[in-house]
Amino acid sequence: MENANYTALTPETLSTRLGALPAVTERIGSDSSNWQVKEVGDGNLNLVFIVQSEQGSIIVKQALPYVRLVGDSWPLPLYRAYFEYHALTRQAARDPGSVPEVYHFDEEQALIVMEFLSPHVILRNKLIAGEKVDGLGQFCGKHCARMAFRGSELSMKSADKKADVGLFAGNVEIPAITEGLVFTDPYFDAEMNNYTPGLEPVIKDLRDNVELKRMAQVMLMKFASNTETMVHGDLHSGSIMATDTEIRVIDPEFAQYAPMGFDIGMLTANYLMAYFSQPAHRDSDLDSYQDWILSVITETWSSFEAEFRHLWNTERTGMLFPKSLFEDQGHSSASACDGVLANIWQDALRFCGIEMHRRCLSLAHNADFETIEDTTVRAPLEARNLHMGAELVLNTDTLKDASALTALARTINARNIL
Ligand code: SR1
Ligand code: MG
């Protein structure tokens, strides 16, 4: 990939630079003097522009050659836009309607022109504001199951899947962010770490726990070497946009082939962080809103399992668990499916616990906690979150299903740790 002529867009230059693109003019017209351009990127990495005219609106997302959150002292390859583009096309094929439509991709300029989702807002903001989204659990569970199943050799031809693993293996520096920030940095005094004052004793306990650190590295080994399916790679509540009834997944630039439990584990972690942070965000409807978040977790998992079983029975055309070994010989493959789901559940719980740790201990925290300005309020809530994370990594075997998971969350939510 060659980016010799790359130049970052600005609101002032965007109309001149993209004004002749049919993919753009078809949607917002060719009179760029009527366009309104706003840079709205609030993530950690990229430029994001909303471009609007009377005729319509589009999003232009462009990678920067460095980590926006940190600055140009941390260079980051522009090629992540290439992987985001390829991930978006696969997501659209594997779960139609779940992601924004791509209108145009420019590899050299590392930019994607895509559908502007409106009136959707970032799910994390809705969770902080105490807003509900109908069907959230059903959508997310089904989406994760479709992505897990249809990107694996349960479904894909082996040659196609292996070619895809090869393609995404070129995405090196982006997974490296996850490998460091998620799996390793929380468990030692890494340079870019930060944490809320008051958490010191809890952090010391985590770092003194050799079994916890061993398990985090076991999960890193799985993440880095197990290519079961194409994962989004960064599926948190900031990577989901929603109205009160409609949901889409965005931002798959961290896509890679990885364990099937990774995305649903990360997502569950972000629901749990929304749950544990709620006491600082509301009073009167606290219990009912926390109950709703836990119900979303339960529905996400039941919908995941139902969809996965459905695809197992109707789309199992890959080399794994072939019908020739089961149904064609008059044998049920239901217990084999149960076993695959049990492995996904266990992996997901451990990925979940580790993600709950990193968002309070390393770089790039969650707004769920970060928006709690009073650190004497924030620290005890984060302490519950850190304890829950450790339980999920260490006592995975005791948690048989989502109701055990949500019961544990309720127990820890009632603990006074600091
Ligand atoms: C340096 S990037 C930090 C985080 O931002 C992204 O959204 C990912 O979550 C990454 O871990
Ligand atoms: Mg992102």
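Note that ligands are numbered from 1 as they come in the structure, with each ligand's atoms numbered from 1 the same way. In this text the structure is predicted, and so the values were computed from the model without any measurement.
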The atoms of ligand 1 lying under 4.0 Å from a heavy atom of Val67, numbered in the order shown, are 1 (C)
Please identify which atoms of ligand 1 are closer than 4.0 Å to at least one heavy atom of Arg358.
-> 4 (C), 9 (O), 10 (C), 11 (O)
Is there a donor-acceptor contact under 3.5 Å from the side chain of Arg80 to the main chain of Leu64?
-> yes
Parallel, tilted or perpendicular: ring planes of His357 versus Tyr187, cut at 30 and 60 degrees | perpendicular
Please confirm whether the backbone N or O of Glu355 pairs with a side-chain atom of Arg359, one donor and one acceptor, at under 3.5 Å?
-> no
Output the list of atoms in ligand 1 that are nearer than 4.0 Å to some heavy atom of Ala364, sorted by atom number.
-> 3 (C), 4 (C)
Short list, please: which atoms of ligand 1 are under 4.0 Å from a heavy atom of Asp234?
-> 6 (C), 7 (O), 8 (C), 9 (O)
Has Glu355 got any heavy atom lying under 4.0 angstrom from an atom of ligand 1?
-> no
Only one of Asn270, Asp251, Ile250, Leu235 passes side chain to side chain contact (heavy atoms under 4.5 Å, CB included) with Ile240; say which it is.
-> Leu235
Select the closest option to atom 5 (O) of ligand 1 among Asn366, Ile174, Leu181, Asn44, judged by heavy-atom distance.
-> Asn44
Mind telling me whether His143 and Phe139 have parallel, tilted or perpendicular rings, with 30° and 60° as the class edges?
-> parallel
Provide, to 0.1 Å, the distance between atom 2 (S) of ligand 1 and the closest protein heavy atom, together with that atom's residue and name.
-> Leu45 CD2, 3.8 Å
Relative to the heavy atoms of His236, which atoms of ligand 1 are at a distance of less than 4.0 Å?
-> 7 (O)
Short question: side chain of Thr317, backbone of Ser155 - any donor-acceptor pair under 3.5 Å?
-> yes
Are Thr178 and ligand 1 in contact, using a heavy-atom cut-off of under 4.0 Å?
-> no
Once you round to the nearest 0.5 Å, how far does OG of Ser239 lie from CD of Glu253?
-> 8.5 Å
N/O of Arg359 under 3.5 Å from N/O of ligand 1, yes or no?
-> yes
